[in-house]
Novice: 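Below are the C-alpha cells for one structure; questions will follow.
Note that the numbering runs from 1 along the sequence shown for the chain. These numbers come from the heavy atoms of this one structure, side chains and all, not from hydrogens, waters or symmetry mates. Since this is a predicted model, take the numbers as computed values, not measurements.
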Amino acid sequence: MARRLTVKNFFLFLSLSLLGVLILLAMYMIDRQWLKLAEINQALTEQAKDLRRLHQLLYKAAATNGLATTTKKNDTADIPLVFHRAYAATQQPDYSSGDWLIQAFSVGLKTLTPLVSSDAYAAEIQNYVLESLLSRNPESLEWQGLLAHDWSINEDKLTIQFHLRKGLTFSDGEPLTAKDIAFSFAFIMNPAIAAPRERAYYNKLESVTALSSDLVEFKFKEPYFDSLALAGSLPVLPQHFYESYLDQPEKFNQSKGLLLGSGPYRLKDPKGWTPDQGLVELEYNSRYWGPVQPSANKLLWKVIANDSARLTTFRNGNIDIYSARPLEYQKLLKDHSFTEHTQHFEYRNPTAGYNFIAWNEERDGQPTRFADRRVRQAMTALTDQARIINQIMEGYADPAISPFNPSSPQHDPTLTPQPFNLTKAKNLLAQAGYADRNGDGVIEDIEGKPFQFKLVFFQDLDDTRRLILLLKDLYAHAGILLEPEPAEWPVMLDKINKKDFDAITIGWTGGIEIDIYPMFHSSQTIIGGDNFIGYRNLKLDALIDQARTTINESERMDLWQNCERILYEDQPYTFLLRSKSLVFVDQRIRNVKTTQLGLNLGITPVEWYIPKAEQKYTTH
C-alpha cells in the first residue's frame, strides 16, 4: 500500500524541522557566548599585564626621581626587606618582564598536592605557589617577613605572634587572613589528612590561633630550637579552597593536583593537574600582592627522563637550565659552541643534602637481615666511597659521613669517612652468622639462605646505573649478590611509603641546621613517616628529643654530635656522598647568582629576568 503525505505528517515534519533549527541556533549562541567569554578573558589578561607594567614603571619612576634628592636606602623605603633583592633586579638597565622560563625534570611527578607530595620536585613547584610568613635571606640567612609584617617572641620562647601585611590575597582573589594560617595548622594536624611528615615537625605546637584578621599566635608545647623557622615556614593554605576536603579526606589524599596559594605563580586550574599531562605549567599570578612582581609570564617544567635527550633539548635552546653529569661537565666546558650561549655554575648547595643507601630493617612486620647492625656495618665497609667519588662523580663530590653537613657545627670533626675494608666486612658478616657453606662463592645465613638482596634505584640516571654496577662488583667480593631493581620515580615513592623493598638508594635535601627526628626517631616508623626503614634506637631517641628542646646552641650542638656518633656506629644508612651542583643556564636568563642557599633561580621573590631583546616565547 502506497504511503501518502497527510496533514498530520506535514505538521510533524514541520515541527521536527523547527526543533532542528532551534537546536542549531542554540548551539550557535552557546558557541558565540564561549567566544565572548574567551575574548573577555583575553582582555582581562591583557589588562593585568598592563597593570603589571604600570606597577613596575611607577617603582622605576619613583626610584629615578628620588636619585637627585634621596639616598639609595630611601629608594626602597616602602619596599619590604624581603623584596629588596628582587627590586634591585628590576633596576638593571636591560630589565624587562615577560617571556617563559622552561626547565626539565628527569622524573615524572606523582602529585603536586601539598602535604601529600613527598619529593623535592613537587616542592620546587609549590615554592612558587605557596607562601609562608617568613622567608630566609639567601645571603645573610636571616629570616625576613614575607606574609608577616613583623613578629614578637615571648620571653618564655613558647609563644610567637605574627602581624600580617595589609592587602594579602590568594591567586583566586580571596583575601588571606590569620584564619587561613590557623586553618593550615589544623588541616596538617588532622589525622585523616595524609601529612605524617609535616605532623612530625608541627606536633611541637600546642595551638595556632587567629587573634584578629591580621594577628596570629603560635603556642608551643615545649621549647623547640627552631621554633621561629617552624612557625614562619608553615605553608599557608586557603581555607575556602581546602576546607571541604576535611569531609572527604581520601579525595584529598589521593589527589594529584590540588594546588592554590598566594605566591607569584599559579596553576591555571588549581584542581585539574594530573601526571599524564607530562609537564607542569605555572602562569603568572596577576593578583599577586607583592610590591615587586615576578619577571616571567610562565614557568614550564617538561619531563625528559633520558640524560642525553635532556642535554640535546638544552643545546637546541628548548629548555633554559641543564644540570650536567660530572663525566660530561668538563667536556661541555671545552665546547665553545656550547659555552658561547650559556653561563655555568659549580657550587656546593647546602640544601642539596646527601645520597645514601637505606637498609630496610623490617618488612611485612618481620626483621630483615639488615636489622643486624653488624650486617649494616659490613655493607658500609664494602661501599668504597673513594671509588664512587673518583670513578662515578669525577671528583665533583665529597664523602657523606652522616646526615649533618661536615661544615656544620652539628658534625663531630673526629668522625671521618669509613674506607673500603673487605677484611673488616667479612669478619662482621661471619660474626652475624654468614659463611659460604656450600662453596658456591655466595655466603649463606645459618639457615642456608644465600645473602641476596634487591637494590631499588631510579632507572633513568646513567650515573646511578654505573654506581649500581660498581656496588654489585664490590659486594660480590664478600660473597653477596646484589640484584639491581630499576624503577620509575612514582614506583620508588610507592615502595618507600609501603616499605616494600630490601634496600633503596635515594637522597635527602639538606638545610642550615637539620632536625633528624623524622628520619631516625623510632616514633616515625609509622606508615608514611620518613623513618621508612624501621630503624629504632632508644638512646638516640632520647638524644634527639633532648636536642630539639635545647635552645642553647652550644649545648644543642654537643647533643647533635652525640646523635651523629650513634648513627656513625649503627649505619642505618650507608651514607654515600654530597655532590656538587654543575649547572648550565642559557645566557638569556639574567641576574643568576650563587648564594648561601644555592642558585637563586629557585628562590622567591624572583630575582632573575629575561631582557626584552632576548625573549622568544611572548610578544609585547
Novice: Would you list the pairs meeting side chain to side chain donor-acceptor pair (under 3.5 Å) in which at least one residue belongs to residues 185-200, sequence neighbours left out?
Specialist: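 Those involving residues 185-200 are R197-N497, R197-D530.
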
Novice: Using a cut-off of 6.0 Å, state whether more than 12 heavy atoms not belonging to Q248 lie near its atom CD.
Specialist: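 Above 12, so yes.
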
Novice: Is there side-chain contact between F457 and I504, with heavy atoms separated by less than 4.5 Å?
Specialist: no

Novice: When you check the side-chain N and O atoms of Y224 and D515, is any donor under 3.5 Å from an acceptor?
Specialist: yes

Novice: Could you walk me through whether R136 and E142 pass the salt bridge (charged side-chain N to carboxylate O under 4.0 Å, His left out) test, one step at a time?
Specialist: CA-CA 6 Å; R136 197 187 281 275; E142 293 177 347; over 6 Å; no

Novice: Please determine, by modelled atom types, if E131 and S262 share a side-chain donor-acceptor pair under 3.5 angstrom.
Specialist: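 Side chains of E131 and S262: pair found under 3.5 Å.
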
Novice: Does NZ in K166 sit with more than 12 non-hydrogen atoms of other residues, nucleotides or ligands closer than 6.0 Å?
Specialist: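 Check fails, neighbour count at 12 or below.
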
Novice: With a 3.5 Å cut-off and no angle check, do the side chains of W100 and E283 form a donor-acceptor pair?
Specialist: no

Novice: For ring-ring contact (aromatic ring centres under 6.0 Å, His included), just list the numbers for F187 and F252, CA-CA rounded to whole Å, side-chain angles, deciding distance to a tenth of an Å, and then say yes or no.
Specialist: CA-CA 11 Å; F187 192 76; F252 176 83; 5.0 Å; yes

Novice: Would you tell me whether Q459 and W489 have side-chain atoms, one donor and one acceptor, within less than 3.5 Å of each other?
Specialist: no

Novice: So that I can tick it off, tell me whether R588 and D320 are bridged by a salt bridge, with the cut-off set at under 4.0 angstrom between side-chain N and carboxylate O.
Specialist: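 Yes, D320 and R588 are salt-bridged.
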
Novice: Less than 6.0 angstrom from the centroid, inside 45 degrees of the normal: does K204 satisfy that with respect to the ring of F218?
Specialist: no

Novice: Can you list the steps and then say if F584 with F338 is a ring-ring contact (aromatic ring centres under 6.0 Å, His included)?
Specialist: CA-CA 10 Å; F584 289 94; F338 183 83; 4.9 Å; yes

Novice: Could you check whether R548 makes a cation-pi contact with Y517, meaning its NZ or CZ is under 6.0 Å from the centre of the six-membered ring and within 45° of the ring axis?
Specialist: yes

Novice: Only one of D119, I304, I125 passes side-chain contact (heavy atoms from CB on, under 4.5 Å) with F105; say which it is.
Specialist: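 Result: among D119, I304, I125, I125 is the only option passing the side-chain contact (heavy atoms from CB on, under 4.5 Å) with F105.
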
Novice: Just by modelled atom types, is the I610 backbone N or O under 3.5 Å from a matching donor or acceptor in the D99 side chain?
Specialist: no

Novice: Do we see a donor-acceptor contact under 3.5 Å between the side chains of E607 and N591?
Specialist: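 Their side chains do not contain a donor-acceptor pair, so the 3.5 Å distance test is not met.
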
Novice: Measure from the side-chain N and O atoms of T90 to the backbone N and O of Y87, and report whether any donor-acceptor pair falls under 3.5 Å.
Specialist: yes

Novice: Please say whether more than 12 non-hydrogen atoms of neighbouring residues, nucleotides or ligands are located less than 6.0 Å from NZ in K221.
Specialist: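 Count over threshold, so yes.
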
Novice: Is any side-chain heavy atom of Q126 closer than 4.5 Å to one of L259?
Specialist: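 A side-chain contact under 4.5 Å exists here.
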
Novice: When you measure from the side chain of K616 to the backbone of G317, do you find a donor-acceptor pair of N or O atoms at a distance under 3.5 Å?
Specialist: yes

Novice: In this structure, are over 12 heavy atoms from other groups packed under 6.0 Å from E174 atom CD?
Specialist: yes

Novice: Parallel, tilted or perpendicular: which one describes the rings of Y265 and Y128, with boundaries at 30° and 60°?
Specialist: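 Rings of Y265 and Y128: perpendicular, over 60°.
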
Novice: According to the interplanar angle, ranging from 0 to 90°, do the rings of H344 and Y329 count as parallel (below 30°), tilted (30 to 60°) or perpendicular (above 60°)?
Specialist: perpendicular

Novice: Would one find more than 12 heavy atoms of other residues, nucleotides or ligands at under 6.0 Å from atom NZ of K495?
Specialist: yes

Novice: Is it the case that S581 and E346 place a side-chain donor and acceptor less than 3.5 Å from each other?
Specialist: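 Judged by distance alone, the side chains do not pair up.
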
Novice: Any donor-acceptor pair under 3.5 Å linking the side chain of S184 with the backbone of V236?
Specialist: no

Novice: Would you say the side chains of H149 and D214 form a donor-acceptor pair under 3.5 Å?
Specialist: no

Novice: Check whether Q343 reaches the backbone of I589 with its side chain - one donor and one acceptor, N or O, closer than 3.5 Å.
Specialist: yes

Novice: Give a yes or no answer on whether the side chain of S255 reaches the backbone of G257 with a donor-acceptor pair at less than 3.5 Å.
Specialist: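 Between the backbone of G257 and the side chain of S255 there is no qualifying donor-acceptor contact (under 3.5 Å).
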
Novice: Using only atom types and a distance under 3.5 Å, with no angle test, would you say the side chain of R85 pairs donor to acceptor with the backbone of V606?
Specialist: no

